[in-house]
Amino acid sequence: MDIVKGNMGWIEVIVGPMFSGKSEELIRRLRRAEIARQRVQIFKPAIDRRYAVAEIVSHSGLEIGSDPVGGAAEILARVDARTEVVGIDEAQFLGEELIETATNLANLGKRVIVAGLDTDFLGRPFEPMPRLLAIAEEITKLLAICVRCGNPAVHTQRLVKSEDLIVVGAAGMYEARCRRCFEPQLAQQGPAAGEKAGRLSDAAAVEEPK
Ligand code: ADP
Ligand code: ZN
């Protein structure tokens with residue numbers, strides 16, 4: 001955002017597949033806001049009690065403290081009137097309510113920065129991110145590196161057999177793949193990662209904390 005006058009709020013969205021650097025970019029923007037002495041609040045969905053740790057951690061090890069929330073409405077309830085910047089990670093788990101929450105916060109004059117997966121394990125648009133992109137002032141789409149061929153990767157490849165939209169992720173259950181190397185049928189036809197499929201426990205989260 002270039003020139004912003006008065007206390008106008010807005011919505012920034014950061015999307016891309018897993019490993020594309022969404023959390024890193026979110027943390028970078030929030031740190032800079034903190035350096036500018038702005039009041040910042042950071043939230044992430046508490047998808048699973050086991051993983052409800054109070055930090056956002058990137059795959060490269062960057063960390064920032066955050067508040068786990070049960071849903072998007074809870075964010076609205078917990079944002080302090082004095083808060084200037086609201087950061088939200090793993091937003092694909094917050095459902096349709098996130099649209100209203102982000103809109104309300106921006107209308108209140110806050111800068112809202114939302115990061116999340118824009119497509120699921122089959123490469124389909126992952127709501128509510130596509131709708132959020134439509135109402136945002138600013139959009140950043142990041143790509144990862146395909147672990148097969150080194151090309152820019154737009155997809156999140158699931159390596160275990162499960163057709164549930166949300167699956168508890170352990171290390172090695174997902175990887176970044178480019179358009180050519182993406183094999184969505186791996187998740188549908190059978191375990192591609194051999195014994196790793198045995199560790200698939202219950203449907204709850206897309207990945208464990210990094
Ligand atoms: P996201 O939030 O999009 O999952 P993170 O910000 O957590 O991404 O992690 C990005 C970091 O992950 C990169 O800076 C890099 O260090 C690491 N990384 C691991 N595998 C890959 C990959 N296949 N492509 C790009 N970065 C990767
Ligand atoms: Zn590839």
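Quick note: numbers below take in every heavy atom, side chains included, and nothing from hydrogens, waters or symmetry partners.
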Q) Is K22 salt-bridged to D89, cutoff N-O under 4.0 Å? A) no

Q) Who pairs with D80 by side chain to side chain donor-acceptor pair (under 3.5 Å), at least two apart in sequence or on another chain? A) R82

Q. With the threshold set at 4.0 Å, does a side-chain nitrogen-carboxylate oxygen contact exist between E25 and R29?
A. yes

Q) Is it true that L30 and L62 fall in one hydrophobic cluster, defined by side-chain heavy atoms closer than 4.5 Å? A) yes

Q: Identify the residue among I139, D118, V114, L26 that makes a side-chain contact (heavy atoms from CB on, under 4.5 Å) with I14.
A: L26

Q. Linking I/L/V/M/F/W/Y whenever their side-chain heavy atoms sit closer than 4.5 Å, directly or via other members, would I11 and L98 fall into one cluster?
A. yes

Q) Is R32 paired with E34 through a side-chain N to carboxylate O contact shorter than 4.0 Å? A) no

**Q.** Presence of salt bridge, R111 and E84, under 4.0 angstrom
**A.** no

Q: Would you please name every residue forming a salt bridge (charged side-chain N to carboxylate O under 4.0 Å, His left out) with R148, sequence neighbours left out?
A: E183

Q: To the nearest 0.5 Å, tell me how far T156 OG1 sits from F121 CZ.
A: 11.5 Å

**Q.** Test side chain to side chain contact (heavy atoms under 4.5 Å, CB included) applied to L186 and Q157, step by step
**A.** CA-CA 8 Å; L186 281 187; Q157 176 72 54; 3.5 Å; yes

Q) Do we see a donor-acceptor contact under 3.5 Å between the side chains of E24 and S60? A) yes

Q: Provide the full list of ring-ring contact (aromatic ring centres under 6.0 Å, His included) pairs with a residue in residues 129-166, sequence neighbours left out, each pair given once.
A: H155-F182

